[in-house]
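The sequence lines fix the lettering, A, B, ..., with proteins before strands; numbering per chain opens at 1.
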Amino acid sequence: MLGDPAAAEDAVQEAFVRAHRHLSRGASIDKPGAWLWTVTANLCRNEWRRRSRKPTAALDIEVADTTSGPEEAAVTTLANEYLAQLVLQLGWHRRAAVVLRHVVGLSYAEIAAALERPVGTVKADVHRGLQQLRNLIEEKGT
Amino acid sequence: MNIEKRLGSLRTEAPEGFADRVLARVAHRFTTVDSPLGPLVVVFGDRGVVSIGLEEERDRVLDDMERRVGARPMPGDPPQLMQRRLARAIADGRPGDLDVDLSSLTEFQRAVLEKTAEIPAGQVRPYGWIAREIGRPGAVRAVGTALASNPVPVVIPCHRVVRADGAFGEYSLGETANKQRLLAHEGLDVEAYEDRRTRGVRFSGSRTTKIFCLPTCHHTKRTKPENLTEFGSVGGAERAGYRPCRTCRPAVLAS
C-alpha cells in the first residue's frame with residue numbers, strides 16, 4: 001500500500017502499539033482484527049498523504065529487496081516488483097481496496113470496515129482498480 | 001497467470017523480529033535513580049512510573065514486573081520531563097507532578113496510597129489514621145497490607161505510616177531501619193521521637209491554644225517548649241479541654 005516495506009512495518013507496529021495502549025487503559029476492542037486493519041489503513045493513508053506533500057521523498061518508489069529469494073525465484077520476484085510498482089500508480093482508494101482484497105485476502109465486508117467506506121463502493125474500487133491494472137499492463141506490454 | 005493470482009503472490013510474511021520490535025515499544029523500561037537509601041531501580045511505562053525498588057534487588061523487581069504484565073522491562077532512559085519530575089519526587093518523598101501509574105491496583109489500594117502521599121515530609125501518621133481518613137476506620141489491617149505492597153515506595157511515602165503505638169514497624173524497601181533513615185533524612189528527630197514513644201506519649205498539645213496534635217505535626221514544632229504538653233490518649237487530651245488539630249486530625253473533631 002505504501003511501496004516501502006519499512007514505512008509499512010512502522011504503520012503496523014504503530015497499530016499494535018496503539019491497540020496495546022488502548023487495552024491497557026482498560027478499554028475493550030470488540031473485533032481486534034478489524035480494529036487493527038482500520039487503524040493500520042488510516043496510518044498508511046496518513047503516511048501516503050504526508051509523502052505526497054513532500055514529493056522529494058515521496059515518489060521515489062522502490063520495492064526494496066528484503067526477500068533475497070533463491071535464484072529460481074528471481075524471475076517471479078522481478079515480475080512481482082514490477083506489479084507492485086503498477087499497484088502504486090492506482091489512486092489511494094482503489095489501491096487500498098485492491099491490496100486488501102487480493103493481496104491480503106480480506107472479505108468485502110472486512111475491507112469496508114477497515115477503510116470506513118460502504119461495501120458497494122469498495123467492490124467498485126476493487127473492480128476498477130483491477131481494470132486499471134490490466135490496462136497498465138497492456139499499455140506497457142507485459 | 002491472471003492478475004488476481006499474481007496480486008496474491010505479493011503477500012509476504014511479517015518481517016523477522018517484528019513481534020520483538022512491537023514488544024520493545026510497549027514493554028516497560030527501567031532506569032536507576034539516586035535516593036537517600038542509595039540507588040533505586042525505577043520501572044516506567046507510557047503512563048508513568050509503575051514500580052520502584054532497591055537497585056540491589058533489581059532482578060526481583062524486574063521478575064515481578066514480568067510476572068505481572070508478561071514482558072520483562074528493558075533498560076531505557078525516561079523522557080527528560082519525567083526524569084526531572086522523578087528526581088524531585090524522590091527528593092521530596094511525594095509524587096508532585098510525576099505521573100505514577102497505579103492502574104493495576106484496586107480502588108482501596110489507590111485510596112490508601114493517595115492519602116499516604118498527603119503526609120508531609122518528616123511527619124508520621126498511624127495506620128489507623130489512614131483507615132479513618134479514607135472512610136474505612138475498620139480496615140486498619142488492610143491499610144497495612146496495601147502499604148506493604150506499595151509499588152512505588154519513597155515516591156509514595158509509606159515510610160511515614162507507623163504503628164498505633166508509634167513504633168516504626170515494617171518497611172518494604174530493604175531493612176526496617178531504612179524507614180527511620182528516610183524520616184531522619186527528612187528532618188525527623190528520631191531520638192526525640194523514640195523517647196516520647198517509649199514514655200507512652202501519643203499526642204502533644206499547646207497550652208496557649210488548647211489544641212492537641214500528633215507529635216510530628218508541624219504545629220507542634222512551632223509551639224514553644226514551655227507551652228508544650230503531652231497526652232497518652234485522645235480521652236486524656238479531651239478531658240483536659242483540648243480539641244484536635246485541624247491539620248493533622250489526631251481524632252475525629254467533635255462537631
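Ring geometry for B:Phe18 versus A:Phe16: interplanar angle over 60°, hence perpendicular rather than tilted (30 to 60°).
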- Task: Would you please test A:Gln132 and A:Arg134 for side chain to side chain donor-acceptor pair (under 3.5 Å) and show each step?
- Result: CA-CA 5 Å; A:Gln132 195 181 341; A:Arg134 286 192 196 99; over 6 Å; no
- Message: Assess the residue pair B:Val43 and B:Val49 against the criterion (side-chain contact (heavy atoms from CB on, under 4.5 Å)); give the C-alpha distance rounded to whole Å, side-chain angles, the decisive distance to 0.1 Å, and a yes or no.
- Response: CA-CA 6 Å; B:Val43 184; B:Val49 172; over 6 Å; no
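In this structure, the portion of A:Val87 lying under 4.5 Å from any heavy atom of chain B is its side chain and not its backbone.
Residues of residues 103-116 of chain A placed with any heavy atom under 4.5 Å of a heavy atom in chain B are listed by number as A:Val103, A:Val104.
For the pair B:Glu4 and A:Arg101, the salt-bridge criterion is not met [side-chain N within less than 4.0 Å of a carboxylate O].
Not one N or O on the side chain of B:Gln123 forms a donor-acceptor pair closer than 3.5 Å with the backbone of B:Pro120.
Annotation: A:Arg128, atom CZ; neighbour count of heavy atoms from other residues, nucleotides and ligands within 6.0 Å does not exceed 12.
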